[in-house]
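Since the model is a prediction, treat every value here as computed from it, not as a measurement.
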Amino acid sequence: MNEMRKKQKKIIREQLDDTLSRFSTIASVNRPMKGWIRAIRDALGMNMRQFADRLGVSKSRIPRIEQDEITGSLTLKTMNRVADKLDCVFVYGFVPRTSLDDTVRKQASIISQKRMNRLMHTMNLEAQGLSSKNAKKAFNNMVEEIIDSPSLLWEKDK
């Protein structure tokens with residue numbers, strides 16, 4: 001991968017990290033025990049029949065919608081529609097546990113460690129072991145090489 005493309009990939013990860021970081025404050029918000037839909041519907045003083053009328057569904061469908069939210073089986077399309085009928089905006093996003101760069105570096109390190117273990121085993125069998133300084137340098141070079149080759153980054157180890 002050429003140098004310009006490497007920089008672009010890194011910039012894209014950094015920009016996406018910045019965008020996703022805005023979700024981090026809401027990531028720690030716990031869903032109400034009965035779910036957001038029920039909590040908001042109750043807070044608005046809207047009974048099941050009224051909510052069903054707004055959604056254009058039968059009253060018997062409302063408990064199922066509220067339960068499906070809790071179990072995670074409600075579709076995004078339905079979540080958007082329900083939010084709209086509750087005069088809300090449905091927010092959907094991912095919050096990385098660390099930065100995307102850290103995730104990429106961690107994955108590259110895992111792959112590099114496996115490769116280094118195989119390499120060191122072979123070299124030791126041939127009495128050609130590396131010094132710890134050279135092994136660390138080779139490992140770091142391998143990590144950077146894998147980061148620069150995204151096609152290698154997520155391949156299943158064979």
Side-chain angles (χ1 to χ4, degrees), residues 1-119 136 139-158:
M1 186 185 307
N2 68 33
E3 201 61 36
M4 179 69 109
R5 202 143 146 107
K6 291 177 200 175
K7 288 179 182 178
Q8 285 176 330
K9 288 280 188 189
K10 186 165 178 55
I11 288 169
I12 289 168
R13 280 194 305 268
E14 289 170 352
Q15 288 174 339
L16 191 52
D17 265 334
D18 186 49
T19 299
L20 295 174
S21 71
R22 296 176 193 147
F23 286 116
S24 64
T25 56
I26 61 172
S28 61
V29 175
N30 294 321
R31 182 185 67 215
M33 190 85 125
K34 293 181 178 181
W36 289 110
I37 296 169
R38 173 75 184 268
I40 292 169
R41 181 176 66 76
D42 286 349
L44 293 173
M46 191 183 302
N47 65 35
M48 284 194 282
R49 183 192 50 76
Q50 293 164 333
F51 187 41
D53 289 346
R54 289 178 69 92
L55 277 174
V57 299
S58 67
K59 180 182 168 190
S60 64
R61 177 80 176 102
I62 299 306
R64 181 65 184 194
I65 288 172
E66 292 174 348
Q67 184 59 39
D68 286 352
E69 177 205 356
I70 293 168
T71 63
S73 56
L74 202 58
T75 66
L76 296 176
K77 182 179 177 180
T78 301
M79 290 292 280
N80 270 308
R81 200 165 126 245
V82 165
D84 182 57
K85 298 304 178 185
L86 292 171
D87 197 26
C88 293
V89 175
F90 176 64
V91 178
Y92 170 84
F94 292 94
V95 179
R97 290 182 182 95
T98 63
S99 74
L100 297 176
D101 264 337
D102 287 347
T103 300
V104 165
R105 185 160 296 282
K106 178 182 173 188
Q107 181 65 16
S109 293
I110 290 168
I111 293 169
S112 296
Q113 190 59 57
K114 288 177 183 177
R115 287 184 178 179
M116 282 299 290
N117 290 345
R118 289 191 299 261
L119 179 65
K136 184 172 180 152
F139 174 80
N140 289 336
N141 287 339
M142 202 177 292
V143 168
E144 294 306 320
E145 180 183 308
I146 292 169
I147 288 171
D148 293 342
S149 303
S151 63
L152 302 174
L153 195 58
W154 301 105
E155 284 297 319
K156 186 174 180 178
D157 191 36
K158 295 175 174 120

I'd like to know if the side chain of [X] and the backbone of [Y] have a donor-acceptor N/O pair within less than 3.5 Å.
X	Y	result
D84	N80	no
D17	L100	yes
R54	K85	yes
R41	M46	yes
S21	D18	yes
R81	L55	yes
S28	S24	no
Q50	N47	yes

Taking all non-hydrogen atoms of both residues into account, name the closest pair between [X] and [Y] and its distance.
X	Y	result
I65	L74	O-CD2, 3.8 Å
A108	V143	CB-O, 3.8 Å
V95	A27	CG2-CB, 3.9 Å
F94	F23	O-CD1, 4.0 Å
E69	I37	OE1-N, 3.0 Å
D101	R13	OD1-NE, 2.6 Å

In Å and rounded to the nearest 0.5 Å, what is the [atom1] to [atom2] distance from [X] to [Y]?
X	Y	atom1	atom2	result
S60	R49	OG	CZ	14.0 Å
E14	K9	CD	NZ	14.0 Å
K59	D53	NZ	CG	10.5 Å
K6	E144	NZ	CD	9.0 Å
M116	N140	CE	CG	9.5 Å
I12	R5	CD1	CZ	8.0 Å

Carefully, step by step, assess T75 and T78 under the rule side-chain hydrogen bond (donor to acceptor under 3.5 Å, both in side chains).
CA-CA 5 Å; T75 66; T78 301; 2.9 Å; yes
Does atom CZ (R97) have a neighbourhood of more than 12 heavy atoms from anything else shown, all under 6.0 Å?
no
Between [Y] and [X], is there a side-chain heavy-atom distance shorter than 4.5 Å?
X	Y	answer
W36	I70	no
V82	F90	no
Q107	I146	no
I111	R115	yes

Could you tell me whether D102 and K106 make a salt bridge, using a distance below 4.0 angstrom between a side-chain N and a carboxylate O?
no
Would you sort out whether D68 and R61 count as a side chain to side chain contact (heavy atoms under 4.5 Å, CB included), showing the intermediate values?
CA-CA 10 Å; D68 286 352; R61 177 80 176 102; 4.1 Å; yes
Apply side-chain hydrogen bond (donor to acceptor under 3.5 Å, both in side chains) to Q113 and N117, showing your working.
CA-CA 6 Å; Q113 190 59 57; N117 290 345; 3.0 Å; yes
Can you check salt bridge (Lys or Arg N to Asp or Glu O under 4.0 Å) on D42 and R38, steps first, answer last?
CA-CA 6 Å; D42 286 349; R38 173 75 184 268; 3.0 Å; yes
